[in-house]
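Structure first, then comments.
Labels below follow one simple rule: chain letters A, B, ... track the order of the sequence lines, proteins then strands, and each chain is numbered from 1. Values reported hereafter were calculated over all heavy atoms of this structure, with side chains retained and with hydrogens, waters and symmetry mates removed. This is a predicted model, so every value here is computed, not measured.
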Amino acid sequence: MWWQKGREDDLERELRADLELEAAEREEQGLTPEEARRAAGRALGNVTRVKEEVRESWGWARWEAVLQDLRYAGRTLGKSKGFALTAGITLALAIGASTAVFTVVDSVILRPLNYQQSGQLVVAWERIQVLGGGGATGPNPRHADVWTKRATAFSGLALVRQVGGGLALGGGHPQLVGTVMATPNLLDVLQVQPLLGRGFEPDNGVAGKDAVAILTYPLWQSRFQGDSKVIGRTVRLSDIPRQIIGVLPASFHFPNGNALRSFRSKQATSNAPEPGILIPAVIDLNAYGWNGDYGNWVAIARLHPGVSIGQAEAQLNTIQDGILRDMPANERDPRFHALSASVQPMQEVVVGDSETGLWLLLAAVLGLLLLACLNLANAQLGRTLSRQREAAVRSALGAARWRLVWNSLAESLLLASAGAGAGVVLAIAALDLFRIAAPIDLPRLAEVHLNAGVLFFSAGLTVAAVLVSGILPALHLGRIDPQASLQQGTNRSAGQRQSRSLRGWLIGLQVFGCTVLLLVTGLFSKSLLFLLHQDKGFETAQVAVAAVDLARNNYREAPARVAFDDAVLRNLRALPGVQSAGLVSVMPLEGESWIEGLQRVDQPEHESIINLRWVSPGYFETMRETLVAGRFFEERDRNLASAVLSESVAKALWPTGSPIGGQVRTEGRTFTVIGVVGDSRTTSLKTVPPRMAYLHYKDRPPFATFFFVRGRQPADALIADVRQAIWKDAPDITIARTKTLDAQLNDSLARERFQTSVLIIFGMAALLLAMLGIYGVLSYSTATRKQEIGVRMALGATRATIYGLTFREAAKPVGAGLAAGSAASLLAARLIEKLLYGTRAVDLPVLFLVAALFLAAAVTAAFLPARRAASVDPMEVLRAE
Amino acid sequence: MEQDSDRIELLQGTLDMLILRTLQFGPAHGHQIAKHIQRTTDDLLQVEHGSLYPALHRLERKRWISAKWEPAGKDLRREFKYYRLTAAGKKQLVTEESNWKRMTQAIARIMWPAEES
């Protein structure tokens with residue numbers, strides 16, 4: 001080492017000086033220079049030993065031994081490149097995958113939210129007994145106002161909602177940008193200081209003074225090129241001019257509309273954009289009643305230091321009782337039993353139910369690492385046996401026991417370190433890939449990146465890998481009895497029976513892990529197939545969808561919106577190749593929304609909670625939904641107050657008799673039922689079909705409108721035409737997104753598809769590892785048993801018998817592992833049952849399939865070694881004895 | 001070069017003490033220290049280089065002596081590694097000296113027991 005070299009040179013110099021002096025003295029005594037030098041040398045003694053003694057006094061001896069062994073291990077690995085390469089790649093893949101997954105788990109679940117003292121940030125929900133059980137929902141603004149005034153547990157409370165806005169800079173069509181609309185105190189509650197400019201003033205919450213906006217850092221960089229003079233510029237957001245007053249720092253991450261939903265539904269909005277711009281919310285309390293308007297806002301609050309969530313919740317509940325008591329009599333709802341509140345840590349809300357899936361992923365990947373290490377251990381064990389002789393010689397020459405163990409462990413350390421290094425590089429690449437391919441509803445995706453904690457985790461994994469794969473062979477060598485080993489021939493090393501059983505155990509463990517993984521994968525695949533192939537009630541092929549945001553500025557009045565809708569529908573129907581077109585107020589497969597009560601007018605006790613949708617004629621035909629009774633919307637329904645109910649609602653309200661012609665009441669208005677549509681899973685594939693009620697769009701033309709077009713060709717071809725048709729009469733309309741309905745279907749199952757594909761990849765990798773393991777062990781075994789096979793064959797065993805011999809050797813561990821794995825996975829399946837659809841934990845067909853797959857793989861892996869064993873020439877073997 | 005069979009084997013600790021004492025007289029390099037000990041004891045103690053240099057480096061590591069390469073010799077062209085006593089070394093020497101005296105007194109009492117007075 002370089003620091004040693006200096007000292008070594010110094011010592012050399014010192015000793016040489018001494019030598020010269022000695023020689024000079026002897027010369028003076030009368031010897032010739034030559035003799036003098038030799039005499040001096042003899043007087044100094046053994047130079048090497050002197051140097052060694054000095055070195056020992058430096059205390060480097062132990063370190064040198066360690067390094068020397070490492071170098072030696074490196075050379076040995078270099079000689080068996082095949083082993084080194086496969087082992088290195090296996091470890092690199094396993095450690096890389098584990099690191100990548102752990103990064104995600106850490107960034108999404110474990111790391112606290114990126115705000116000052118984020119532990120104090122909470123979300124406050126209202127709980128209303130009437131709407132679908134006791135579900136938590138965002139508060140009514142009036143209630144939230146009371147909370148702000150009376151809840152001393154909070155140091156601040158802000159209301160937030162997320163919308164998509166069209167941002168227009170100069171010419172061109174507006175582009176969609178994630179907009180966070182919040183009460184002006186949001187940044188104070190979050191304790192975030194703007195990077196440039198300023199935050200909101202309380203004034204900005206007043207109508208007329210709210211035409212301001214704050215940019216997030218990514219938006220500032222991408223759309224404004226990081227221009228420092230951006231403060232004061234005006235932009236048009238959803239057709240409203242706003243002045244930019246500030247820019248947020250790069251470290252600011254606000255959860256997108258998926259992660260922070262005001263309504264706890266199981267479905268996520270596809271393509272919820274990352275928040276790009278912040279605008280103040282003008283909440284005019286006079287526009288809201290005391291009852292209703294729930295679920296539109298999310299209440300984020302900061303607890304006072306020292307106040308617990310339990311205390312805050314208790315306080316809110318007391319306040320809620322007060323609100324219920326003081327509610328004006330005319331607004332009170334007799335169906336209300338109680339109005340309560342709950343408080344949740346903000347991090348919990350944001351992370352939500354992605355937690356289980358991610359932990360599952362981490363477990364799977366760590367299992368894979370374990371399998372890789374077991375494989376490695378097995379391979380090492382094989383190599384160890386052939387190095388027993390070397391270890392015996394070392395031991396006989398006086399090597400300390402730790403030295404022998406370290407010798408063997410050094411190889412594992414080198415492999416693991418190299419593997420870890422390559423693994424981290426792979427992890428970085430995988431994370432980049434992950435960001436593109438990740439399920440769209442994964443919260444905090446923007447915050448996923450490598451950090452010190454993850455690198456520590458990686459290092460820890462490396463150490464674990466070293467220990468698991470190297471410790472057994474190393475300890476084995478440490479216990480070597482030199483005499484016994486040296487006396488035997490290399491082919492019949494001592495302890496072979498013991499090591500064979502050890503290898504059998506390792507194989508068994510591998511099979512066990514692999515079986516569990518494959519079974520879980522099988523269950524997930526079955527669940528996904530079930531979701532995809534169940535009867536939906538509508539058809540998605542060849543349908544294109546365009547989501548449009550009608551800005552409140554130009555389209556404030558309903559007639560303007562109706563005119564726009566009419567024009568677009570006319571244009572769409574005029575497109576070549578279009579069979580039908582329609583519009584709806586909510587994107588399908590994005591959960592339930594617009595939840596209202598619906599009653600029969602003549603028998604008000606018959607009522608139901610329904611999802612309300614505004615549609616145009618042609619919608620049901622485009623979606624190919626089934627007509628059960630009556631008719632769908634036609635042009636004449638524009639001026640009639642007509643309603644179409646879904647089958648389950650119709651049955652609930654009219655248990656006997658036909659609903660057609662009956663009157664229903666919702667949102668304070670009365671409608672006539674003209675038709676009944678079959679139940680369909682239009683809100684989510686993962687739940688029961690929802691209760692729906694449809695009205696003509698003229699009744700309340702929506703601001704966010706979704707146009708559907710069914711064509712004769714594949715839907716992708718239609719999309720460009722659809723955009724043109726929309727912009728034809730209104731070029732400054734924001735088209736939020738366009739996609740095919742098939743794509744929407746796939747996206748709604750994104751999480752399940754992701755989980756399943758990852759599991760399949762891991763399952764296949766595990767299977768490959770197990771096969772390699774079996775192959776390796778059997779190969780080694782046949783190689784060492786050559787003599788035994790030769791003798792057996794000489795004594796009359798046939799090739800078939802030898803085949804059987806080899807297969808039987810593998811059969812025991814494989815069989816045991818398979819059985820144990822099946823049992824364990826039945827237990828594991830219970831844990832993941834809630835992630836499965838239409839599949840129970842105990843699924844015999846899947847079990848049999850997995851077992852069959854594994855047996856086939858095991859037989860394939862065992863085949864080559866078996867053949868090699870059977871083709872041993874007994875004469876040749878016996879002669880070599 | 002007579003093999004001096006009278007050479008007394010020096011214990012490691014004792015050699016350390018002798019080196020420190022030698023250096024108390026002034027800085028010296030390894031060869032000089034060995035020669036000094038040899039001369040002063042009339043060849044009775046001949047320090048083997050195999051013991052001297054490890055001892056010197058050990059003392060240096062314990063910071064009782066410090067080392068520096070300095071030019072010396074007839075025409076200041078050659079350099080030698082000179083060792084000096086440090087302040088800590090001086091203290092250590094005092095300690096070892098008193099230990100040595102106590103030990104020799106104890107041994108003397110056993111070998112030549114004096115009348116108790």
Side-chain angles (χ1 to χ4, degrees), chain A residues 1-68 398 400, chain B residues 1-4 7 9-13 15-16 19-20 22-23 27-39 43 45-84:
Chain A
M1 299 297 118
W2 59 266
W3 71 87
Q4 273 180 315
K5 194 115 190 356
R7 284 217 196 174
E8 291 276 344
D9 288 346
D10 196 77
L11 181 63
E12 174 77 31
R13 224 173 129 198
E14 194 177 359
L15 292 176
R16 175 150 319 132
D18 190 298
L19 209 65
E20 286 173 357
L21 277 180
E22 272 290 324
E25 280 173 18
R26 311 267 167 166
E27 269 193 58
E28 279 171 24
Q29 286 170 6
L31 277 81
T32 66
E34 189 57 45
E35 289 173 328
R37 231 190 320 271
R38 257 186 282 136
R42 271 195 296 254
L44 183 58
N46 187 349
V47 175
T48 318
R49 206 165 69 80
V50 174
K51 283 193 185 171
E52 263 186 34
E53 293 238 15
V54 175
R55 265 193 227 120
E56 266 213 44
S57 77
W58 285 337
W60 280 338
R62 198 157 269 230
W63 267 119
E64 282 217 349
V66 166
L67 287 173
Q68 186 182 39
Chain B
M1 290 131 313
E2 323 88 54
Q3 285 290 37
D4 213 330
R7 265 183 318 168
E9 299 230 326
L10 276 174
L11 294 170
Q12 192 191 68
L15 178 60
D16 286 359
I19 293 175
L20 289 176
T22 310
L23 287 178
H29 60 76
H31 190 98
Q32 284 174 334
I33 297 174
K35 278 285 171 294
H36 178 262
I37 294 178
Q38 193 179 333
R39 263 200 319 268
D43 281 354
L45 294 180
Q46 286 198 356
V47 186
E48 273 195 35
H49 290 81
S51 328
L52 177 70
Y53 284 102
L56 281 172
H57 284 262
R58 206 171 39 244
L59 290 172
E60 188 187 352
R61 213 183 60 184
K62 292 197 185 155
R63 297 188 202 273
W64 291 333
I65 61 179
S66 64
K68 196 163 157 211
W69 282 91
E70 280 164 29
K74 296 196 243 328
D75 39 10
L76 291 178
R77 253 195 313 170
R78 303 212 334 239
E79 280 199 341
F80 293 99
K81 192 169 180 188
Y82 279 86
Y83 293 91
R84 289 179 163 68

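Between the side chains of A:Glu14 and B:His29, no donor-acceptor pair is found at a separation under 3.5 Å.
For A:Glu22, the parts sitting under 4.5 Å from any heavy atom of chain B are the backbone and the side chain alike.
A:Arg13 is listed as a side-chain neighbour of B:Trp69, based on a closest heavy-atom distance under 4.5 Å.
Between A:Leu21 atom CG and B:Gln32 atom CD the span is 8.0 Å, to the nearest 0.5 Å.
Taking every heavy atom of both residues into account, B:Gly30 and A:Asp18 meet most closely at C-OD2, 4.2 Å.
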